[in-house]
Amino acid sequence: MPAIAEPYRIKMVEPITMTTREQREAAIRAAGYNTFLLRSDDVYIDLLTDSGTSAMSDRQWSAMMMGDEAYAGARSFDHLVESVRENYGFPLVCPTHQGRGAEHLISKILITPGQHVPGNMYFTTTRVHQELAGGTFHDVIIDEAHDPASRHPFKGNVDLDKFQALIDEVGADQIAYINVAVTVNMAGGQPVSMANIRAVREICDRYGIILWSDATRLAENAWFIQEREDGYAGRPVAEIVREMLSHFDGITMSGKKDCLVNIGGFLAMRDEAILTKARELVVVYEGMPTYGGLAGRDLDAMAVGLREALDDDYLTHRIGQVRYLGERLQAAGVPIVEPIGGHAVFIDAAAFLDHLSQDELPAQTLAAEIFLDSGVRSMERGIVSAGRDADGNNRYPKLELVRLTIPRRVYTNSHMDVVADSVIRVFQRRREIQGLTFVYESPTLRFFTSRFEPL
Ligand SMILES: CC1=C(O)/C(=C\N=C(/C)C(=O)O)C(COP(=O)(O)O)=CN1
């Protein structure tokens with residue numbers, strides 16, 4: 001893919017911290033070897049997450065200055081609705097403070113306790129809200145998604161046979177909805193093809209099953225369709241997004257990714273009945289239906305950002321930067337998830353530290369080691385993130401990954417070189433690295449606040 005320079009120029013900078021090895025050793029110990037518990041000031045290049053860490057544009061900041069902070073009926077809400085209608089094609093919108101706020105509402109609205117919710121691989125907050133609403137998640141992603149080395153171009157695809165088998169097993173009336181994430185975060189930022197979306201739609205129409213999408217990284221998904229799917233080369237991403245979303249009954253959206261904002265989210269849908277229920281719940285958990293836990297200025301920033309995120313040049317650079325980092329690691333023999341995803345490079349920590357058992361927490365260990373080496377912060381996406389099942393046993397995911405997550409419009413490829421050099425250094429001395437063990441395990445979403453120590 002032709003590398004392109006940043007399709008923007010820098011107007012403001014934020015100094016970042018250069019640390020010594022001693023400072024980093026003290027910092028990671030104080031953080032219990034959990035990169036989530038590091039202080040921002042101790043982090044040099046922050047690749048923990050692409051969620052809420054994007055740089056906003058001058059157009060977004062100026063839109064914020066015009067934010068309408070009226071408690072009810074704010075113009076800012078109208079601006080968001082107009083932008084969602086124009087760019088996503090959904091007429092109805094319910095704002096929430098961020099994506100999990102939307103997941104909370106839609107889980108309560110669509111799930112009757114005891115029902116089943118199929119989806120293309122789990123995501124942590126999505127699954128926990130489905131379970132809290134009494135649903136049972138079923139992974140219906142294609143098998144290739146669980147194989148880091150598989151180069152399937154659309155590893156996010158739903159396995160139609162698995163979906164059909166679940167329908168046959170539990171009955172269509174026991175399926176609350178199917179949730180199709182675009183892209184699939186935990187599989188390595190992997191896309192879903194348009195053909196697969198259409199095929200899932202056909203099954204849902206046959207059985208009257210609601211087809212919902214976690215559209216958090218929809219722009220990146222559309223860019224991969226443009227790059228890889230027959231018939232879409234040269235089609236603008238904005239057009240592909242409209243076609244993708246035309247097949248869904250609604251979406252949960254974390255604006256903190258592909259709407260380029262630091263906080264924000266929403267539900268978007270076609271069915272007035274779902275909107276009515278969302279409005280009844282949003283006033284309890286988020287705020288008035290016209291602000292949903294956000295300031296008016298946040299709604300305006302999201303209205304502008306969701307449009308900017310669909311720009312082809314922006315996406316070519318953004319995904320090109322992720323690919324640049326991934327290809328540097330590949331060239332050095334570092335095992336990563338292939339194909340390289342849209343928002344992050346996922347290191348295969350199981351292969352990287354193949355002398356450690358999964359119970360020795362390879363991904364948690366590797367994230368701590370990379371920080372110690374360079375001050376680069378990454379995120380564990382393995383056994384710690386997978387948590388425990390209903391019986392209290394550890395889940396053992398096939399993917400034991402460390403995610404190097406690239407914020408949008410923040411770092412240059414010089415920073416990517418620092419990251420690559422650091423990971424390669426750790427890779428060269430990988431045999432010296434020992435595992436970690438829990439010293440404190442939090443009961444829910446344990447990866448956020450648990451603490452560890454070296455074995
Ligand atoms: C695919 C997907 C996500 O990736 C997601 C949040 N992701 C985070 C925080 C991440 O670091 O990947 C969420 C939750 O969004 P939220 O962080 O509550 O705005 C929903 N779906």
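In this text, all values refer to a predicted model and were calculated from it rather than measured experimentally. The figures here come from the full heavy-atom set of this structure, side chains too, leaving out hydrogens, waters and symmetry mates. Every number for a ligand or one of its atoms is a count from 1 in the order of the listing.
- Between H138 and H116, the ring planes are tilted. Angles from 30° to 60° get that label.
- In this structure, T405 contributes its side chain and L47 its backbone to a donor-acceptor pair below 3.5 Å.
- Taking the charged nitrogens against the carboxylate oxygens, R403 and E380 have no contact shorter than 4.0 Å, which rules out a salt bridge.
- Applying the 4.0 Å criterion to heavy atoms of S254 picks out, from ligand 1, the atoms 15 (O), 16 (P), 19 (O).
- Numbered from 1 in the order shown, with element, the atoms of ligand 1 that lie under 4.0 Å from a heavy atom of M379 read 11 (O).
- Close approach to T216 involves these atoms of ligand 1, each under 4.0 Å from a residue heavy atom: 2 (C), 20 (C), 21 (N).
- Annotation: D214 places an N or O atom under 3.5 Å from an N or O atom of ligand 1; distance criterion only.
- What sits closest to atom 13 (C) of ligand 1 on the protein, heavy atoms only, is F123 CE2, 3.6 Å.
- Here the options are K155, R151, R323, the test is salt bridge (charged side-chain N to carboxylate O under 4.0 Å, His left out), and the partner is E338; only R151 passes.
- Annotation: T125 places no N or O atom under 3.5 Å from an N or O atom of ligand 1; distance criterion only.
- Of the protein's non-hydrogen atoms, the one nearest atom 18 (O) of ligand 1 is R100 NE, 2.6 Å.
- At least one N/O-N/O distance between Q98 and ligand 1 falls below 3.5 Å.
- Residue-level proximity to ligand 1 for R403 is carried by the side chain, the only part with a heavy atom below 4.0 angstrom.
- Among M253, E103, K257, the residue whose heavy atom lies closest to atom 15 (O) of ligand 1 is K257.
- Heavy-atom minimum distance, I109 versus L281: CG1-CD1, 3.6 Å.
- Shown in contact with K256 at under 4.0 Å from a heavy atom are these atoms of ligand 1, numbered in order with element: 19 (O).
- Ionic pairing of R217 and D258 is not present here: no N-O contact between side-chain nitrogen and carboxylate oxygen is shorter than 4.0 angstrom.
- Checked by distance only, ligand 1 and R217 come closer than 3.5 Å through their nitrogen or oxygen atoms.
- For ligand 1, none of its N or O atoms has an N or O atom of R381 under 3.5 Å away.
- Of all atoms in ligand 1, numbered sequentially from 1 with element shown, those under 4.0 Å from a heavy atom of T49 are 10 (C), 11 (O).
- Looking only at distances, no side-chain donor or acceptor of T365 sits under 3.5 Å from a matching main-chain atom of G435.
- Those atoms of ligand 1 with a heavy atom of S51 less than 4.0 angstrom away are 8 (C), 9 (C), 17 (O).
- Judged by the 6.0 Å and 45° rule, R381 forms a cation-pi pair with F447.
- Atoms of ligand 1 lying under 4.0 Å from any heavy atom of G99, numbered from 1 in the order shown and given with element: 15 (O), 16 (P), 18 (O), 19 (O).
- Atoms CG and CG, from L325 and L404 in turn, are 6.0 Å apart once rounded to the nearest 0.5 Å.
- Between the CZ atom of F123 and the OG atom of S254 there is a distance of 8.5 Å, given to the nearest 0.5 Å.
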